[in-house]
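Each remark here refers to the structure printed beneath this line.
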There are 2 protein chains.
Amino acid sequence: MTEHENTAPTETGSTEPAGPSSADRPDGPDRAGGPDRAGGPGERQRAPRRLRADAQRNVDSLLQAAKTAFATSGVDAPAKEIADLAGVGVGTLYRHFPQRSDLIKAVFQREVDACADAAPTLAAAHPPGVAVEQWLRRYTEFLATKRGLATALHSGDPAFDALPGYFMQRLGPALGSLLDAATASAEIRADISAKDLLYAVALLCQPVSDEGVTYNERMVALLIDGLRYGAGTSRPAS
Amino acid sequence: MTEHENTAPTETGSTEPAGPSSADRPDGPDRAGGPDRAGGPGERQRAPRRLRADAQRNVDSLLQAAKTAFATSGVDAPAKEIADLAGVGVGTLYRHFPQRSDLIKAVFQREVDACADAAPTLAAAHPPGVAVEQWLRRYTEFLATKRGLATALHSGDPAFDALPGYFMQRLGPALGSLLDAATASAEIRADISAKDLLYAVALLCQPVSDEGVTYNERMVALLIDGLRYGAGTSRPAS
DNA sequence: TACTATACGGAATAGCGTTCCGGTTATGCA
DNA sequence: TGCATAACCGGAACGCTATTCCGTATAGTA
């Protein structure tokens, strides 16, 4: 144990489902999530097994540590670094998160969900075209603050293979609905899919040597303008 | 001779300067390029030294091998793989190309030069706006056929640090001149610099899981449309 | 032909990620 | 309450790649 004499359960609580839409997530190799059902005292604890208390504590520590390490060294921070930061051995890290992508998923799940959930809200508050723009802005924000995430998404490293699928599954439908509305009202062109955009924006959100986040935002904005070009509105095109 | 009976000089010849514009390249840690000055017999050969014949042969083999390996495994192909392919030891690889970026530079130099040199030609043959579009298309083509190059450019790995600078130095002015003309004629907006575009397109050219090159081309086209959006009409910015 | 600067190859070193295993501890039951 | 056992822990061991080092071989020259 390096730091934290983890007497008090690490308060991260990063594991329990947060968003309303987190229901459809298919599975989880680590049984980390969902201790919420522990509330009922009468609960049958026959359920296969519940994470042992120390294990749960370690998972929490790891998530907290990973969050920190990701912010510091990017999503490909050395495994040792994360384990040390959490005060556990690397073996423990790998047991709970066999794939790097599992860890990333767990760390960002909440934020991804929040991003997806923002879509209906935006759709209700703005005209379709604006909603798309706003949502993409929010998505950009998310990606840009996690430098390295976008890179990992496209790294080709098998350790991250599960990531694109996961992101697409959560965010695809969200953006898709906004896009449908916007193309229906002819505010943006119809030949670009949600998937196209999600990937493209992720690419544009990668850190660039001496530029800051502002650069990425400007380029995403440029791409969005391309979405409007030839949609039928201001341009005499077509 | 340890290696392969490379009797015939490897015909790559990838080292001698090829393009007219290759004059302004600043330096070269490896003395690989420019054996041309060997012609004059009266030449003071006090000049430090000329590459020994076997060394030159190895450099050629390495460039050829690297080209192949890059195409196969990406620009971060294992050093051993390249050395084996060239029939030399890794020591030889590192002696001639201490940095991974040196090797990449040497392999793609000619193509980068060709790309830069295409700018004046396009400028003469097309209206400014079209010229920009065409040039970017050519640039896209270059990047897309070198899957992994774009990723390396932004990897943050110190081994590639020299790359962005080199690319920018060669391509920046080329695109810059086209851009100036196009903004002058109000065909595209003026608030995006050559550097901005060069980086953005490089980002968009990164390979995406299950999509092909076509995807990257479409996204670049989308970005270019963004360039046209609000060029003269809605945005009278100076 | 003999000599020397130069280059060669691959062994040695170093830093990762990932797996494995002997020891430890929480949990369920008598 | 005390014990048997499954679950868990930490870190050593392993494999892979990049990078450096140095004794040996060779090209070029007198």
Side-chain angles (χ1 to χ4, degrees), chain A residues 1-2 6 9 30-32 38 43-62 65-66 69 73-104 152 155 157-160, chain B residues 1-6 9 30-32 35 38 41 45-62 65-66 69 73-103 152 155 157-160:
Chain A
M1 282 330 116
T2 53
N6 46 13
D30 54 301
R31 186 58 87 293
E43 177 94 348
R44 303 308 261 139
Q45 42 208 50
R46 308 292 301 299
R49 79 224 66 201
R50 186 167 131 206
L51 218 48
R52 225 170 73 176
D54 55 345
Q56 178 62 58
R57 215 164 16 201
N58 280 337
V59 166
D60 287 343
S61 295
L62 280 168
S73 319
V75 294
D76 48 2
K80 184 74 166 30
E81 179 181 327
I82 298 175
D84 285 350
L85 207 57
V88 305
V90 287
T92 301
L93 167 58
Y94 279 99
R95 188 168 334 95
H96 292 301
F97 305 99
Q99 300 277 335
R100 174 60 56 125
S101 59
D102 296 326
L103 187 54
I104 298 179
S155 68
D157 184 325
F160 300 114
Chain B
M1 194 59 58
T2 53
E3 30 131 317
H4 56 37
E5 62 315 294
N6 49 9
D30 54 300
R31 184 58 89 293
Q45 43 209 46
R46 309 290 302 299
R49 76 223 68 212
R50 187 170 132 201
L51 218 48
R52 223 168 73 174
D54 55 345
Q56 179 62 57
R57 214 165 17 204
N58 280 338
V59 166
D60 288 343
S61 296
L62 280 168
S73 318
V75 293
D76 48 3
K80 183 73 167 28
E81 179 180 327
I82 299 174
D84 284 350
L85 207 58
V88 306
V90 287
T92 301
L93 167 58
Y94 279 99
R95 190 167 332 98
H96 291 301
F97 304 100
Q99 300 277 337
R100 173 60 57 124
S101 60
D102 295 328
L103 187 54
S155 68
D157 185 325
F160 300 115

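None of these values were measured; they are calculated from a predicted model. Within every chain, numbering begins at 1; the chains are lettered A, B, ... in the order of the sequence lines, protein sequences first and strands thereafter. The figures that follow rest on heavy atoms only: side chains count, while hydrogens, waters and symmetry mates do not.
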Interatomic distance, B:Arg95 CZ vs C:dG10 P [rounded to whole Å]: 12 Å

d(CG, A:Asp54; P, D:dA7) in whole Å: 13 Å

Any A:Tyr94 side-chain N or O less than 4.0 Å from OP1/OP2 of C:dT19: no

Separation of atom CG in B:Leu51 from atom C1' in C:dA5, rounded to whole Å: 14 Å

Between C:dT18 (P) and A:Phe97 (CZ): distance, integer Å: 15 Å

Between C:dT19 (P) and A:Leu93 (CG): distance, integer Å: 11 Å

Given DNA chain D, 5'-ward residue of the pair B:Arg52 and B:Asp76, judged by closest heavy atom: B:Asp76

Gap separating the CG atom of A:Asp76 from the CZ atom of A:Phe160, nearest 0.5 angstrom: 5.5 Å

Whole-Å distance separating the CZ atom of B:Arg100 from the P atom of D:dT19: 7 Å

Flag, side chain of B:Asp102 to backbone of B:Gln99, donor-acceptor distance under 3.5 Å: yes

Euclidean distance, atom CD of residue B:Gln56 to atom P of D:dG28 [Å, nearest integer]: 11 Å

Whole angstrom value for the distance that separates C1' of C:dG9 from NZ of B:Lys80: 11 Å

Close side-chain approach of A:Arg95 and A:Val90, heavy atoms under 4.5 Å: no

Nucleotide of D:dT26, D:dC9, C:dT18 approaching A:Asn58 most closely (side-chain heavy atoms): D:dC9

DNA chain D: 5'-proximal contact among B:Glu81 and A:Ala55 (nearest heavy atom): A:Ala55

Side-chain N,O (B:His96) to OP1/OP2 (C:dA7) below 4.0 Å: no

Approximate separation, where rounding is to 0.5 Å, of B:Leu85 CG and B:Leu62 CG: 9.5 Å

B:Arg52 side, atom CZ; B:Asn58 side, atom CG - distance, nearest 0.5 Å: 10.0 Å

Any donor-acceptor N/O pair, B:Thr92 side chain to B:Val88 backbone, under 3.5 Å: no

Presence of A:Thr92 side-chain N/O under 4.0 Å of D:dG10 phosphate oxygens OP1/OP2: yes

Nearest heavy-atom neighbours spanning A:Ala152 and A:Val75: CB-CG2, 3.5 Å

Base versus backbone protein contacts along nucleotides 11-16 of chain C [heavy-atom cut-off under 4.0 Å; B, S, -]: B-----

